[in-house]
Structures are given as structure tokens and as C-alpha cells.
Q: 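Encoded as C-alpha cells, here's the structure I'll be asking about.
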Amino acid sequence: MTVQELPGAAAYRPAPPPEWKPRTDPAPLLPDAEPYRVLGTDTADGFAPELLRRLYAELVRGRRYNAQATALTKQGRLAVYPSSTGQEACEVAAALVLEERDWLFPSYRDTLACVARGLDPAEALTLLRGDWHTGYDPRERRIAPLSTPLATQLPHAVGLAHAARLKGDDVVALAMVGDGGTSEGDFHEALNFAAVWQAPVVFLVQNNGFAISVPLAKQTAAPSLAHKAVGYGIPGRLVDGNDAPAVHQVLSEAVARARRGGGPTLVEAVTYRIEAHTNADDATRYRGDGEVAAWREHDPVQLLERELTGRGLLDEEGVRETAEQAETMAARLRDRMNADPELDPMELFRHVYTEPTPQLLEQAAQLRAELDAEEDPR
Amino acid sequence: MTVQELPGAAAYRPAPPPEWKPRTDPAPLLPDAEPYRVLGTDTADGFAPELLRRLYAELVRGRRYNAQATALTKQGRLAVYPSSTGQEACEVAAALVLEERDWLFPSYRDTLACVARGLDPAEALTLLRGDWHTGYDPRERRIAPLSTPLATQLPHAVGLAHAARLKGDDVVALAMVGDGGTSEGDFHEALNFAAVWQAPVVFLVQNNGFAISVPLAKQTAAPSLAHKAVGYGIPGRLVDGNDAPAVHQVLSEAVARARRGGGPTLVEAVTYRIEAHTNADDATRYRGDGEVAAWREHDPVQLLERELTGRGLLDEEGVRETAEQAETMAARLRDRMNADPELDPMELFRHVYTEPTPQLLEQAAQLRAELDAEEDPR
Amino acid sequence: MSPASTAPTASTEAATAAPRRPAKPATMAQALQRAMRDAMAEDPAVHVLGEDVGTLGGVFRVTDGLAKEFGEDRCTDTPLAEAGILGTAVGMAMYGLRPVVEMQFDAFAYPAFEQLLSHVAKMRNRTRGTMPLPLVVRVPYGGGIGGVEHHSDSSEAYYMATPGLQVVTPATVEDAYGLLRAAIASDDPVVFLEPKRLYWSKADWSPEAPAAVAPIGRAVVRRTGRSATLITYGPSLPVCLEAAEAAEAEGWDLEVVDLRSLVPFDDETVCASVRRTGRAVVVHESSGFGGPGGEIAARVTERCFHHLEAPVLRVAGFDIPYPPPMLERHHLPGVDRVLDAVARLQWEAGS
Amino acid sequence: MSPASTAPTASTEAATAAPRRPAKPATMAQALQRAMRDAMAEDPAVHVLGEDVGTLGGVFRVTDGLAKEFGEDRCTDTPLAEAGILGTAVGMAMYGLRPVVEMQFDAFAYPAFEQLLSHVAKMRNRTRGTMPLPLVVRVPYGGGIGGVEHHSDSSEAYYMATPGLQVVTPATVEDAYGLLRAAIASDDPVVFLEPKRLYWSKADWSPEAPAAVAPIGRAVVRRTGRSATLITYGPSLPVCLEAAEAAEAEGWDLEVVDLRSLVPFDDETVCASVRRTGRAVVVHESSGFGGPGGEIAARVTERCFHHLEAPVLRVAGFDIPYPPPMLERHHLPGVDRVLDAVARLQWEAGS
Ligand SMILES: Cc1ncc(C[n+]2csc(CCOP(=O)(O)OP(=O)(O)O)c2C)c(N)n1
Ligand SMILES: Cc1ncc(C[n+]2csc(CCOP(=O)(O)OP(=O)(O)O)c2C)c(N)n1
Ligand SMILES: [Mg+2]
Ligand SMILES: [Mg+2]
């Protein structure tokens, strides 16, 4: 299929105004008036108990992972940790809706999504521990490097999805970004390219209320972030980001749509960042305890736990077991992170180019000599 | 007024989902289903004959100006000329809706809007003749430099409008951009800043069907470019860009809205670029004559002329007189452009900084010496 | 650090008017904050904008208290979009304001490069001087703070290669205040590079009576010496001063020049020093290849060729992407690497 | 131009297989087109994308015919957004394609700088070599074509200062083909700088049997000489060759080195020449201050100090925003300015 032949791409060259027609009907692109919810509604009946239990186990594990990583930071084992506590439903759902062959494009806060997708919990922390940048081979689990420059990963996801489609591969890319990241030009350009190319990509915006200290009201005046979709001619969906099955469903539908050639979707998940921006941040400077407390009442783990126990799909024993499994994971992570990483300073020169330049060889020799002198000072 | 106090700015920090509410009703932000039209409809009755005649005279003058500048390019008097033939209604309306104290932010194709705003027709061509960059003092007529890097002028307009408002000045900025330019990150960032700050700025997109050779279908999949507005929480308006009174009305309303503190508006004017991209372009490579011919039937000058003569507001005499006035303007422009500009190579060093750096002084001395040697080769 | 300053010693009017209070220890971050505060108090046209600069006071707290004192309209939290921040600041400056923009980290200034290169640097020139652009872009730069990827870049080479910009970087608390005041007062756009790892460096300094600092464009000899000149700036100044102390044991008496301003460049002060000493090493954290040191070494050599006993050497970051925190110490020019370079200045050979 | 090439003369397999047809005059633009065409024909992973590259064939017609021959999926007109173009190309490369991106003009690459600096240049390194990024960014650069504002920038200094990028620029029709093929074949990202004003330069060249060109990273001596070395690249090569001809009248026998690759830099070839001649001038169009010449002069001096009879001089564009068309000739280094610099190489004094 050429770009020319993409569904609908041919249409919107405006005919002379007397016959002007919009390319698509905007109505179906607009998000619902309210974030979509499952928990506490009848819709929850339709979900397989297995999926709900899986989600629950992952949420508990994720919550524990966040706590462990935060503790490691306090102990000086990590350089920094941007916690996704309170946002676990989004993190987990984003990972679970994808097939093995699909690709995940995480933002810097999305370590948890990587782990839920099967990435080694310790390797996922390499960047934040500081022994290297990306701690894993992206191709192995099809997880792009955690992206620190905000929104820059979105065009990558589009390009990759587009390339896969051109090759005839049945691959979907899911890209994550924060509410703050939607203000960047890269967000705009990525969504536009995706729409024009009808690339199989899903954009998940976690609207957690803040970009560091900046509240959403200073970030956008849009009715919702999902409303941005119509400006690209793609559907926008709004979902309660703390309702794990709801996020799972909305993302699954978007992934399925992308997979069958229906093009990209923009999903806004309304959630909240319970912890400070990172361990280095002081959230009391810009928000009140009351707000945080209110959101704690709408906690993704508790919401799902309540639903599961209410429905008799989970008992005390199950809760305890799940917690124990998470504890085991945390203990293992702690042990591994408490071991000092093996460092080879000479690696600094190893990956800059396929072959080091003559200049890098000179510099490597210089460092080598310095290291030798350090070890064996005559 | 602080940013905090901006109308509506306080609202969209999402309450916990149970009470989630969209910040604004998206419905009124969406453009109409069809480009707004005046000519040939009853609405035209409501327009003051004076305004219609003024528009007509400016359109004719503008058309002639485009032709003259194109001719000058062929004669080697201009380095390049991006003609706005076929788009004169947008150019002229953009200029006429502004008060003297307002600011115009033209894109590189908008020489005509500058001239219609009162800029000296020859000074407006400095950039394209190539004797300097911006040929005028932007503060004199409140016209920003013609912007070649696409969409980069849009945040300038927002910043200026915001600054004026902070100072308590009753100033509106109108910024022009092409359909292609809407794909740039700067477009997105400018609209978002404008919306969050509720800056008194109007964005006019001239959708002329092409970005050089790239048709709109490869530029966007949006129902219309005006639909992008809702993603920023501002109104989007769609207008027939070849219907001068319609463009004038829609822009006037947007300017008035901005002036009374109602915030920004995005206006998409549907029009067509009749000539090639510039004199250096070969449009036959990417579009058929049929398409151009169809649009010639929907010509802004003819449309208005037909309306005016039909209504008895213009007779043959009036048409002739208007044409003659335009001819006089063109003749004067031709004469002035046929004179070689006065050039002083030493000016290259004069405006880089307030005070030339020691390095620039050295370099200026070097050029001075070279020029002296050229003049007086011993 | 007790600089043998070449700066004029006359204090500003404000400074002489106020009674001199005893200087107390202040950090560079505090001095920078104070510079903005004083500029805002004196001139209502000065506006601060950027990500998190308002309520939070900036991630390095350099704008702490400004929103409270002057209101959110004067110190504004913007949406998260660097090109938008700089682009709107251009518009504000076009209307007569004097915006001071904060980029949160060096690498996050990259999205704003088109605005910086194509507009900020050129506005005055393209309008034949009719539209000056008094605008400061504050960029925290450099490493040494254990920052993860994209948080420790040194991008001064990009700014230096862009005619129309002034490029300034303080290395002391006193200069932080003085140069930022000068930058805000300048009618030309200034890229103001703040060495991140010196934010918490301290010196005795009185905000009530700040010492006057030389205008933008003047380097300063921070330590006099006769054997060789270390030419440096920003984060590498303390390294060079320490190296100079250590060099004494080897019998080298090193002069240390703090450039302070990369553009305009103070050829006079630098070359006067090199002509005296006959040897020079340029030291910076930025990568060597294509970095500031090439320009500096080349222009010093052009001007002092026959005074040089050895080629001007460079000690710089390696030509690699900035390393992860646990390896950055191997990348950053340290005292030993500076001394090694000094040792290679052909002390035996002569020329 | 008849280069005394240091390149290996063995031709590629494809070249030896095809019967050598007589060379006909071809332009640099045609050779570049042919390089992409041949690469696309050989490797289905090669994709071309950019503004107007498809139907129109590019504003300089360098991609002419590619969309027709390979379809719009292989040569794609993108939306008008440079960061988006480069950003999606990164994703395509991550999936195993080899994108060749066209930036329409040099200054319009600036919006893509964050993608280039923070991702393209770093991807291999940050992923420990597991995610190489074979990607070419073609950038028409330099002036001399009467372009208005923002159409004649020389931005090679920015690229040179960015570790992780290869930076290549041809100056002849033959190299245009050979280096672009090498760039597309490279597993590292390459910024491929195309001298705009040489697009229409012609040489006898056979697309059916293109001569092999040395791998990326090798400079070439275009003219041998004994008096002094002109070190140059891209648009300034013809200027230097002309200057060398003219210099003969003054009794100077100039050697001319065409760098071809700014990164990696061929210290060996350059320094061998300078050691032979003892004098050197670096010539480029880019602004002098912070431009490529500083790096080049500095590294040559570091390596050849005791062979130098005079400081390495630089002839470069002034430190000003690129001038309007009618004044550009005063800015561009021309033959006279090169000869002036040669004259200042202290022919009398010795050292
Ligand atoms: C391009 C860029 N600009 C600035 C930053 C600094 N920064 C890191 S996180 C952050 C806030 C991000 O907010 P949001 O997108 O809402 O994500 P969240 O932190 O809430 O997950 C900022 C400004 C950055 N990483 N990248
Ligand atoms: C940032 C940037 N990228 C590319 C260009 C090159 N260019 C000049 S005009 C043009 C097409 C513009 O199309 P559009 O925005 O629709 O305006 P129009 O020419 O139709 O008026 C392009 C790609 C540019 N000037 N600026
Ligand atoms: Mg957020
Ligand atoms: Mg257009």
C-alpha cells in the first residue's frame, strides 16, 4: 500500500469551496464526555476473572516495585527514581495489552511498564542507578530506551510502526507520554505523522495532574487532552487511569484497531502522581495534602482489590499470597541492587561508533594509561 | 491578572475521577461543517458598500502587485517571489481587520498583507530583492519580519500579544501561516501557549492546498485544519478564503473576541495557490491544469467584482478606475525596483550586536582594506 | 579563590548608596536568584519564564521566591515546550519586555535551537538594528552532579558558533550576580551558561552591596603565575585552581585565566597572559573535538605564535556522549589530567 | 580538478562486473541521485523521506525519479515537520530500515536538532551497541546561490561538536556518489553535507561504473605542492584550487587537501601534508569563530608544532549572520582572501 492509497488519504484536497467537504466526520473522533470506567459498574461482569486477577497481581507487584526503588534511592543505590505510585493501572495495562512482537515506547517514568512487559527488574533500573544509560537490548523484548527528553519517543514509535507495516509485519507500537509532554512539538508532529501514514500506533497519555510542579491548568486549556485527537483526524479516548480493567479495555481496543489497519488512537488516562516528581522533588511546595488524600481514596490497587473481593474472586489468602510474591520480587531486587555493578571505564569508548575513530582510540589509550597509573602508582 | 486568574485556567486540574468534568464544552469550539461564505448569499446585504468597495480595490491592487513582483523576478530584479495570486482575499482581509496599534506576523508569502497594511510596496520587497533581510522597521507599522522558517513566527505573535496584555495595552496580534506550517511543532506550541495564557491573538491558516508540491492529503488527516482548535480549547473557524467579505467578517469577529479578552481563535481559510510555489518551482510536476482551472473559476477578485456589479455597487467606470490605480502603483513599484539599491558592504558588521565585538572590528577592517584595494588596485 | 581581578573596581551607584553590610556565605544559586530579583525590582520590563520557575522556584531553586514577590505574571510557569518558551519570549522582547528564560537542563534547550539560531541570534541584524532583542537564556550546563542521561551536556560549542549571541558563564558567586545583571541589562541576546555543579559553591558575598563586575567580554586572571597559562571557564575553574596549587610542588607556577565570556572573546587578556608565560593549556568539560578549546587554542596560536614554547594543549571531555553517573569522573577533566597536559608542554625541548 | 587521490583504486564488485561505459558529464546532483537510486535498488531497507522528495523530486531535484522507480513508500513526501521527519526516521531505523532523510535547507534542520543530538547521535552508545542507527541526514549547506535569509547557513560546527555522528561532505561529483553510498552503507548515523553551490558542478563521470572512493574518514590531496597546505572541504575546494593556480604566479606552490570527512577526522593525511610544507591555511565558508577551522588549526598545531614556520591561519566567513544575496560575495572566502592569508604565512621571518 502506498501512502497515496492509505484509507482516506486521497480525499482531503479541498475541492473548490462550492463542493468543499470535510475529510472525515469529526463526531466519532471526539472522546466521551466522561472518563470510561469499569470498576463498580456492570461492565466489570464481562471481564474474565483471570484477567482481573492478573491485573491485580501486577498492580500489587508494581506498587511494591515502586516502593522498593524509592527505598533504594534513599539508600543511595539509585541516582534518582521517578515513581509511578498511583499510576500502576496505566503502567500495567500498557504492558499487558501488547503481544510479544509489539513494541513499547516508555517515557522516563515508565520503568514499571517495562517490568510488567517482562524486562528484568534490575536491568530496568540501570539508567536510574547510573551504571549505564539503557540497561537492556531494546530488541530483545521490544522495549525502546526509557526516554528522558519528553515526547521525543513518540515519533520513534510512529516510525517503527510505519516501518513494520511497510514490511508487512503485524506489529503495533504503544507509546507513553505524560500530560506535560503533550505540550511539546514532538507530540504534535508524531500524532500528525501517525495519522497521515495511518501507522499502527497507540498513544497513551498519563494525565497525572502535574508536570513536576506545573498543574494541568497551566499546561492546557483543552476540554480534555483526548480532544487533541480530532485535530489529527484520529479517535480520542478518555479513561479513568486508576481503573485497571478500564484502561486495559480501552488500550486493547486501540491496539486491535491499529492492528487491523484502522490507524492510531490517542488515549488519555486520568490519574494522579501520588509521590513527589522524583526523590529530589518537594511536592509540598506546589500541592496540598488534601488533594493527595482525595486521590488516595481512588487508589488503583484498592479499587481493583475491592472489586475482586466483592465479587468473590479474591480472598484474604489470595491477597496475602499476592503480597508475598511481590515481597519476594522486592527482596530479590534489593539484593541485586545492593551489589555494586561491574564497571569498565573503557566501555565509554566502545559504543560511540561501530569502529572507534582514530581520535577515540587515542583517548582510550590515554584513559587506559591513567587507570593503570591509578592502580599501580609508581 | 495573573496566569492563575485567567478565565477558566483554574478549573482543569481533574478532580478525582468520580467528579471529573471537562474544562469547557467542546461543542462551541468546533468549526461549522462548511466554510463560511458571504458572496452570493443574503448575508452580503449586511455589509457596508464602502467596506466591499475597499476590499475590491485592495484585491485588484494586490493582484497587480503579485503580477508586478513576478515580472520583476523574471527580469532578475528580485531573487525570488512567492506569489499570493489567488489568495488576495486572505492577504487583504488580514491587513484590514487590524487597528494601527495591532501587530501583524506575516509568513514568507504574505508580502501583500504587509502592503495592504500600509507598508511601502518597495520596502516590502527588500528580503526578496536581496539587498537586506527585513526591509523595514517592524515597530513603525507593527509588522514583524516576514518569516521564512515556517511557523516560527506564531510563538512570537503569542508572546507579543501576551506582553501587550500584561502591560494593559489594547493590542491584538494576527499571525499568518500556511497549511504546511500547521504540521510544525511551533504551530502546536504557539496555539497551546496562546490558549493557556488567553493571549489576544488570531491565527490565520491559509490552506492553499499545497506545501510546495505536497498536497494537503499528505499533510494532515484532520476533518479540517480548523478542527485543531478544540485540542487547545479555543474556537476553530472555517471560511471560504476566496470570499473577501467572509474572511473579513470571520477575522473581525476573532479580533474583536481577542480584544475583549476572549482569547485566541484559529481560522482556516480555504483557498488555492494559483501560481507555482515560487518562480523557481515547476508546478506541473505535481498538479494538473484542471485543478488550477477549477479554482480560477472561484477567483477572489472576480467573485467580489461579480457581487459588486450585480448589486450595482460598481460599474464599468469603477472597474476601470480601480485597475488604473493599481496600474499606477505597479508602474511606481517597477520604477523603484529597477533602480539598483544602494549597498554598503560594511553594513554587514553594523547590526550584529549593539556594539561590534573586537573580533568584528578586526573583520570589518579586513573587508574595508579589501574594498579599498578593489577600488584602488595598486 | 582570591582573584587578582582585572575588573574595574568602581562600584555601581546602587552599591555605593547602600551601607556595606558584612558579606556572608552565599551560594552561586542564591547570587543568581538575587540578580534576577534585583533586576526585576529595578525594571518592570524584566520577566522570568520557564518550566517550574514559579511556584516551585525552579528545579535548582534559582528562581525561588520571584513569583511570590513579583507575581506570576512576572515569573511564569509555562507549558512544557522549550521552543514555545523561547519563541514567546522573542515576542515579549519585541514588545519591549526583557525576558529571562530558564531552560531546565542543557539538553532540553535543544528543542529551542531553531528559535535561538534563526530568530534570537538574527533579529537585530535582519532588521538593521531597529528591532534589538534583549533576552537572556539561562542554561544550567555541564556535569559532575550524578545526573542521568541528557542531564549533563555541555553545549557551549553550539552557542559559540552562532553569531549574534553573547555567551557568558560565571565561575564564582560574585560573577554569577554581576554577569547575570549585565546579561539582563544587555540589549543583545545572551546565552547565560550556569555551571550546575557550582550552584552550591559558596563564597563570602553581600547581596546588599555586591561588588561590581567587569562588563561582559572581559576575562580575568584568577591566579598569576609565570610558567604556563591555564585558560578555562565555568565548572573547570576550580579544577584549574586546584591544579595550579598542586603544580607548585612540581615547580610550575601556573597562571589561571577565567574567560567568563566566550562571546565576545577577550583576546587581549588571554594573549597577554600567554605571551608572558609562553605556554598554555585550555581546560573545559565539553567534548574536545569541535569544542570551545579548538577555537581558543587556534586564536591564541594565531596571535602568540612566536611566544609559544609548545603548542597550546587542550584538556577536555572525551569525544563521547556524556557518560552515566557512575563513570562521569573518568570523563571530566580533573587535576591529574590538567597536570599531565602541563607536563607535556615541552619543558626540556624549547622550540 | 584532477585529484591526486590517496584513495585505494580497487573498484567495488558491482563496478567490476558492469562493462565500463565512457564517462559523460554529470552534475553533483545527478551523482547524488544515482547514489540513492543504486542503494535503493541493492537494498530494500533503504528508504528516502523528506519534504517534497517524492513527486517533485526535491527542490534541488536530487531525489528526482526515486518515487517513480521505487514507489512512494520508498521515497516519501512527509508532512512539513523536520523533527517529525528525523524522529520517525529514528523509529524506522530501529526497525531495521536504513532511512535517508533530506532536510530542505541547512537552517531547516534546526527544528530536528533535539532528535539529532539527543537520540540519533546517542542511540548506539546508550544501548551498549545493541541498537545501531544506520541513518543518513542529507543537508544542503552553504551559500553562494543567492538564497534569501535562512537559505545559506553553514552549520557543520554544530554537527562536528556532537559525538556519535559522522560528518561527511563531498566536493566532487565522484565523491558525491562514493561518499553517499558509503554513508548509506554505514551502520552509524551520518550527517551528509551537500554544498548547494556545487549541485550543478560537472565532471566526467560514469554512473554505470563509478570509480571507487575511499571509505569515510579519509582526506585526499587534491593538488600537491611544497610551499604551504590549504586545508578545506566542500564548497571551498574549488576556491582553493583556483587560489593554488593563481598562487603559482607569486611563486607559491600550494598543496590542497580536501577533508571530505569532518568526523572522523583524517589527522594522518592532513598532518603529513603540513609536515611537508610547514605552513597551512584552513579555508571554509562557515563563520570563523567557533567554526570548524578552530578545531582543525588547533589539532594540526598540536601535532605539527615544530614543523610549522608560521601559525596555521584561517580564512572563513565573517562572524555575522549569513548576508543577503547582494552582499554575500563579500562574506564568502574568495581567491583573493585565500591568497592574502598565504601571504601572511611569514615567508620572510622563519621561526
Ligand atoms: C524536553 C524536556 N524538557 C524538560 C524536561 C525536564 N522534565 C523532566 S520530567 C518533567 C515533567 C514531565 O511532566 P509530564 O510529562 O506530565 O510527566 P510526569 O512527570 O507527570 O510523568 C520535566 C519538565 C525533560 N525531561 N525533557
Ligand atoms: C522550517 C522550515 N522548513 C522548510 C522550509 C522550506 N519551505 C519553504 S515554503 C515551504 C512550503 C510551505 O507550505 P505552506 O505552509 O502550506 O505555505 P505556502 O507555501 O502554501 O504559502 C517549505 C517546505 C521552511 N521555509 N521552513
Ligand atoms: Mg504529568
Ligand atoms: Mg500551502
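So you know, we letter chains A, B, ... as the sequences are listed, proteins then strands, and number each from 1. Only a predicted model underlies this, so the values are computations on that prediction, with no experimental measurement involved.
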Q: Quick one: pull up OG1 in Thr152(A) and CG in Leu117(D) and give me the separation to the nearest 0.5 Å.
A: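 Output value for this atom pair is 12.0 Å.
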Q: Kindly indicate, with the supporting measurements, whether the criterion salt bridge (Lys or Arg N to Asp or Glu O under 4.0 Å) is fulfilled by Arg124(D) and Glu355(A).
A: CA-CA 12 Å; Arg124(D) 170 186 287 275; Glu355(A) 298 288 335; over 6 Å; no
Q: Main chain of Gly159(A), side chain of Tyr95(D): is a donor-acceptor contact present, judged purely on distance under 3.5 Å?
A: no
Q: Side chain, backbone, both or neither: which part of Gln166(D) has a heavy atom under 4.5 Å from chain A?
A: both
Q: Is it the case that over 12 heavy atoms from other parts of the model lie below 6.0 angstrom from the CD atom of Glu69(D)?
A: yes
Q: Can you tell if the side chain of Phe265(D) reaches within under 4.5 Å of the side chain of Thr357(A), non-hydrogen atoms only?
A: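 When only atoms from C-beta onward are counted, Thr357(A) and Phe265(D) do not touch, as no gap falls below 4.5 Å.
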Q: Does any heavy atom of chain A fall under 4.5 Å from the side chain of Arg74(D), the backbone, both, or neither of them?
A: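 For Arg74(D), neither part sits under 4.5 Å from chain A.
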Q: Minimum heavy-atom separation for Pro138(A) to Thr130(D), with atom names?
A: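 For Pro138(A) versus Thr130(D), the nearest heavy atoms are CD-OG1, 3.3 Å.
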Q: Report yes if some heavy atom in the side chain of Pro149(A) is under 4.5 Å from a heavy atom in the side chain of His119(D); otherwise report no.
A: yes
Q: Rounded to the nearest 0.5 Å, how far apart are CE of Met94(D) and CG of Leu160(A)?
A: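 The CE atom of Met94(D) sits 6.5 Å away from the CG atom of Leu160(A).
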Q: Heavy-atom distance under 4.5 Å to chain D: side chain of Ala144(A), backbone, both or neither?
A: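 Looking at Ala144(A), backbone and side chain both touch chain D.
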Q: Side chain of Asp188(D), backbone of Thr354(A): donor and acceptor closer than 3.5 Å?
A: yes
Q: Using a 4.5 Å cut-off on heavy atoms from C-beta on, say whether the side chain of Asn125(D) contacts that of Trp132(A).
A: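 Side-chain contact under 4.5 Å: yes.
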Q: Residues of residues 84-92 of chain D under 4.5 Å from chain A (heavy atom pairs)?
A: Gly84(D), Ile85(D), Gly87(D), Thr88(D), Val90(D), Gly91(D), Met92(D)
Q: So which part of Phe105(A) gets closer than 4.5 Å to some heavy atom of chain D, the side chain, the backbone, both or neither?
A: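 Contact with chain D: side chain only.
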Q: How many angstroms lie between atom OG1 of Thr134(A) and atom CE of Met123(D), to the nearest 0.5 angstrom?
A: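 If I round to the nearest 0.5 Å, the distance is 7.5 Å.
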Q: Is Pro358(A) close to chain D through its backbone or its side chain, or both, or neither, when contacts mean heavy atoms under 4.5 Å?
A: side chain
Q: Tell me if a side-chain donor or acceptor on Tyr353(A) pairs with a main-chain N or O of Pro189(D) at a distance below 3.5 Å.
A: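 Looks like no, no N/O pair under 3.5 Å.
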Q: Short question: side chain of Gln359(A), backbone of Pro264(D) - any donor-acceptor pair under 3.5 Å?
A: no
Q: In sequence, state the C-alpha distance, the side-chain angles, and the governing distance for His133(A) and Thr127(D), and then conclude on side chain to side chain donor-acceptor pair (under 3.5 Å).
A: CA-CA 7 Å; His133(A) 309 293; Thr127(D) 60; over 6 Å; no
Q: Applying a heavy-atom distance below 4.5 Å, give me the residues of residues 103-116 of chain D that approach chain A, sorted by number.
A: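 At a heavy-atom separation under 4.5 Å, chain A is reached by Glu114(D), Gln115(D).
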Q: Below 4.5 Å, heavy-atom pairs only: which of Gly129(D), Gly96(D), Ala121(D), Pro99(D) has the largest tally toward chain A?
A: Gly129(D)
Q: Sort Ala190(A) into side chain, backbone, both or neither according to what part of it lies under 4.5 angstrom from a heavy atom of chain D.
A: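 Contact with chain D involves no heavy atom of Ala190(A) at all.
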Q: According to salt bridge (Lys or Arg N to Asp or Glu O under 4.0 Å), does anything in residues 130-139 of chain A pair up with another residue at least two apart or in another chain? List the pairs.
A: Arg129(A)-Asp131(A)
Q: May I ask you to list the residues in residues 46-53 of chain D that approach chain A closer than 4.5 angstrom, counting heavy atoms only, ordered by number?
A: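 When heavy atoms of chain A are the reference, residues 46-53 of chain D contributes His47(D), Leu49(D) within the under-4.5 Å range.
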Q: Given heavy-atom pairs under 4.5 angstrom as the criterion, report whether the side chain, backbone, both or neither of Leu191(A) touches chain D.
A: neither
Q: Below 4.5 Å from any heavy atom of chain A, which atoms of Ala45(D) appear? Answer side chain, backbone, both or neither.
A: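 Contact with chain A involves no heavy atom of Ala45(D) at all.
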Q: Flag the pair Glu123(A) and Arg128(D) as a salt bridge only when some basic side-chain nitrogen lies within less than 4.0 angstrom of an acidic carboxylate oxygen.
A: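 Here Glu123(A) does not pair with Arg128(D) in a salt bridge, since their nearest N and O are not under 4.0 Å apart.
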Q: Can you tell me which of Glu189(A), His188(A), Arg350(A) forms the most heavy-atom pairs within a distance under 4.5 Å of chain D?
A: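 Ranked by contacts with chain D, first place is Glu189(A).
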Q: Counting only heavy atoms closer than 4.5 Å, note whether Leu127(A) contacts chain D via side chain, backbone, both or neither.
A: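 Neither part; nothing is under 4.5 Å.
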Q: Using heavy-atom distances under 4.5 Å, tell me whether Glu362(A) contacts chain D through its side chain, its backbone, both, or neither.
A: side chain
Q: Would you indicate whether the side-chain heavy atoms of Lys167(A) and Leu97(D) approach each other to under 4.5 Å?
A: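 Leu97(D) vs Lys167(A): side chains touch.
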